[in-house]
Amino acid sequence: MKHIPGAIVMCLAAVWMAQQVRAAEMKLWYDKPAANWEKEALPIGSGRMGAMCFGGIQKERIQFNEESLWIGDEEETGAYQAFGDVFIDLEHAGEAQEYRRELDLTRAVHTVGYTSGGVRYRREYFASYPAGVIVVRLTADRPGAYTGSVTLADAHKAKVTAQNNRLISSGSLDGYVYRGGSARGNPPKPYAFYLKYEAAVMVLNEGGTCGPAGDDRIAFRNADSITVLLTAGTDFVQDRARGWRGEHPHKAVVARLEAAAGTPYEKLLADHVADYRRLFDRLTLELPGTGADSAAVPTDRRVADYQRGTADPGLEVLLFQYGRYLLISSSRPGTLPANLQGKWNQSNNPPWRCDYHTDVNIQMNYWPAEVANLSECFEPFARWLLSIREVRTEATRKAFNVRGWTMRAENGIFGGSTWQWVESGSAWCLQNVWEHYAFTGDSEYLRRVAYPMMKEVCEFWLDRLKPLPDGTLVAPNGYSPEHGPREDGVAHDQQLIWDLFTNTIEAADALGIDREFRDMLAQKREKLLGPKIGRWGQLQEWMVDRDDPKDQHRHLSHLVALYPGRQISPLKTPQWAQAAKVSLTARGDGGTGWSKAWKIGLWARLLDGDHAYKIITEWIRGSVLPNLFDTHPPFQIDGNFGYTAGVCEMLVQSHLGEIHLLPALPAAWRDGSVSGLRARGNFTVDIRWQNGKVTEWRVSSPEPRKVQVRVNGEVVTVTAAKK
Ligand code: FUC
């Protein structure tokens with residue numbers, strides 16, 4: 001092992017650190033308006049609100065959501081609801097030419113531009129987290145070019161009223177029940193309570209005239225420019241003690257709208273871009289040799305070309321950054337977590353309730369949060385768990401008569417949970433919760449947020465684990481999502497309990513508390529049934545050696561110890577890793593969108609970059625829509641997030657107490673650079689490589705500290721440079 005002073009590492013890195021990803025590559029763009037919500041419209045989001053922009057010329061549709069518009073209660077999951085649509089109708093004399101709509105990931109701004117009747121029209125759309133509004137601004141290169149109207153439509157048929165330059169829809173979810181998924185066929189039961197909601201639109205004109213034209217419409221004539229402001233809210237509060245409901249949203253909605261109306265447009269935009277870039281700009285990835293010229297070929301064609309076999313590393317980078325864009329746009333401090341579709345949903349009976357699935361999906365949503373340098377975006381997940389744990393504790397006690405808490409597969413915002421119990425689902429969520437500490441080193445968070453929940457879920461397992469005659473501890477009657485029979489000692493449960501106990505032991509050590517409890521966990525952990533290797537060399541999914549080598553089920557539940565867990569690794573437990581490889585190989589290279597995304601991370605953890613890359617190509621060929629949404633099918637956002645996390649895992653790994661640079665670099669990415677990846681221990685990592693070898697690198701940290709780095713097959717100890 002060598003020791004390299006941090007200063008040398010810093011010098012090596014200095015030359016290229018200033019490089020930025022070329023902005024032209026970080027855009028999705030199209031030469032025609034979207035016709036289809038799921039496949040073509042483009043998402044913008046403020047964390048709390050989401051909107052899908054179609055870019056229509058004579059009729060623009062902006063379908064919008066607000067994250068708390070949910071039906072359901074503490075017993076029934078319910079479902080996330082659509083909120084409404086804003087339509088903008090425009091009078092244009094001629095056909096539109098030179099049309100282009102684009103989503104710029106470097107600024108989180110959607111634009112539409114076209115020429116009609118000799119006038120150049122331009123629109124900018126963004127969803128501002130600081131201002132809490134969605135803004136659409138229409139300008140043209142000729143004064144008075146805008147004549148048309150803005151309409152507001154409510155997805156639950158609330159009456160819309162117009163007043164001066166405002167439209168308001170105000171309603172209640174009373175009587176709505178979920179009729180899809182696992183609720184299908186059951187007689188609809190009314191929920192315990194119903195939320196009230198309100199959406200408001202303001203239309204501001206420069207030049208011309210503007211005013212109400214019917215209940216749901218504001219009309220404008222000969223305006224130079226139009227600015228549409230949109231905001232929405234409900235009376236939901238994330239607090240069980242208040243019955244989950246607070247004030248009617250009217251006051252807050254109007255206040256946000258008026259504050260935005262009183263702010264110059266340029267400032268609204270600048271504040272939004274600055275807020276977004278503070279997160280987005282932290283990580284850049286470059287893979288030279290972009291196949292298609294990204295500025296010349298529309299994104300839908302690039303996807304189609306890729307699907308026909310054209311190499312396009314630029315598209316792989318775009319998708320990587322798109323995952324980061326989507327997380328920033330759907331999960332910010334103070335909001336609810338990103339659900340199965342982030343925050344974008346146009347249905348009141350959405351697939352799988354558009355909920356929080358705890359048997360892989362919500363966990364996968366947050367896999368990129370730390371490693372892709374968006375740590376703040378993780379906050380909603382932890383806060384949601386905190387908010388529902390009382391409801392879950394009661395339901396868990398009722399079902400299992402034990403301490404602690406867990407969930408069924410389908411979860412809502414009020415703690416209601418339906419369908420199968422996923423006993424290890426809470427332990428899996430707490431893996432994300434632990435990782436936030438592991439990456440940030442934030443001990444206040446560990447003490448106040450993470451550790452208390454981890455301890456409670458340890459208690460669930462301490463009460464529930466069952467000894468076999470030889471003293472081995474197994475989770476009884478467990479479930480390997482969503483596969484096979486229930487029985488004792490399924491690998492998924494065993495691995496997640498090991499993970500939870502290990503993380504909790506490390507947490508207690510880090511905090512210097514609960515010595516006895518920690519020692520007891522360590523004893524129990526020794527007794528847990530560990531990974532088993534079966535008759536065809538596979539890692540057994542169940543205690544009984546019954547795995548079918550031909551079974552290509554989409555879930556990879558028994559491989560959770562390899563990724564995102566850390567119980568199995570080629571470097572520390574090579575035999576188990578080999579067995580995991582046998583199982584993963586048998587599962588094949590296909591699957592639903594999220595299943596393939598998970599396989600990228602799994603192959604990366606097996607240090608097989610080429611196989612990880614093969615899955616990337618499978619994912620893009622089979623599971624990426626023209627608007628770059630992941631499709632299960634249908635659209636399901638976990639695959640976007642899992643992909644971004646998987647790419648990170650190919651470039652850096654830090655789960656074994658060292659930082660491993662380029663652990664799974666594929667031959668297809670011979671040259672490249674990345675800066676701003678995160679590693680456990682509050683480190684930031686920059687790497688440049690050529691011909692598959694690291695040529696320059698830098699590990700930095702707020703406090704200069706020694707750290708072990710595995711680079712080009714050698715392990716060195718360096719002092720991390722000060723960030
Ligand atoms: C799990 C998966 C399904 C789907 C659903 C939302 O139940 O098994 O494939 O992703 O979540």
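Ligands are counted one by one from 1 in listed order, and the atoms in each one are counted from 1 as well. Numbering of residues begins at 1 and proceeds along the displayed sequence.
- With F414 as the partner, the ring-ring contact (aromatic ring centres under 6.0 Å, His included) test is satisfied by one option alone out of F193, Y191, W70: F193.
- A donor-acceptor pair under 3.5 Å is formed between the side chain of N365 and the backbone N or O of N339.
- Qualifying side-chain hydrogen bond (donor to acceptor under 3.5 Å, both in side chains) partners for Q420, counting only residues two or more places apart in sequence or in other chains: R486.
- Take R383 and apply the side-chain hydrogen bond (donor to acceptor under 3.5 Å, both in side chains) test, not counting sequence neighbours, and it matches Q238, E379.
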Anything under 3.5 Å between an N or O on ligand 1 and a protein N or O? List each pair with its distance, or write none.
{"unit_1": "ligand 1", "atom_1": "7 (O)", "unit_2": "E482", "atom_2": "OE1", "d": "3.3"}
{"unit_1": "ligand 1", "atom_1": "7 (O)", "unit_2": "E482", "atom_2": "OE2", "d": "2.0"}
{"unit_1": "ligand 1", "atom_1": "8 (O)", "unit_2": "E482", "atom_2": "OE1", "d": "3.2"}
{"unit_1": "ligand 1", "atom_1": "8 (O)", "unit_2": "E482", "atom_2": "OE2", "d": "2.9"}
{"unit_1": "ligand 1", "atom_1": "8 (O)", "unit_2": "R554", "atom_2": "NE", "d": "3.2"}
{"unit_1": "ligand 1", "atom_1": "8 (O)", "unit_2": "R554", "atom_2": "NH2", "d": "2.9"}
{"unit_1": "ligand 1", "atom_1": "8 (O)", "unit_2": "H555", "atom_2": "NE2", "d": "2.6"}
{"unit_1": "ligand 1", "atom_1": "9 (O)", "unit_2": "R554", "atom_2": "NE", "d": "2.8"}
{"unit_1": "ligand 1", "atom_1": "9 (O)", "unit_2": "W594", "atom_2": "NE1", "d": "3.3"}
{"unit_1": "ligand 1", "atom_1": "9 (O)", "unit_2": "H632", "atom_2": "NE2", "d": "2.5"}
{"unit_1": "ligand 1", "atom_1": "10 (O)", "unit_2": "N361", "atom_2": "ND2", "d": "3.3"}
{"unit_1": "ligand 1", "atom_1": "10 (O)", "unit_2": "W594", "atom_2": "NE1", "d": "2.8"}
{"unit_1": "ligand 1", "atom_1": "10 (O)", "unit_2": "H632", "atom_2": "NE2", "d": "3.4"}
{"unit_1": "ligand 1", "atom_1": "10 (O)", "unit_2": "Q636", "atom_2": "OE1", "d": "3.3"}
{"unit_1": "ligand 1", "atom_1": "10 (O)", "unit_2": "Q636", "atom_2": "NE2", "d": "2.8"}
{"unit_1": "ligand 1", "atom_1": "11 (O)", "unit_2": "N361", "atom_2": "OD1", "d": "3.1"}
{"unit_1": "ligand 1", "atom_1": "11 (O)", "unit_2": "N361", "atom_2": "ND2", "d": "3.4"}

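- Partners of D355 under the side-chain hydrogen bond (donor to acceptor under 3.5 Å, both in side chains) rule, at least two apart in sequence or in another chain, are H357.
- The CG atom of D359 sits 4.5 Å away from atom CD of E482, with the distance rounded to the nearest 0.5 Å.
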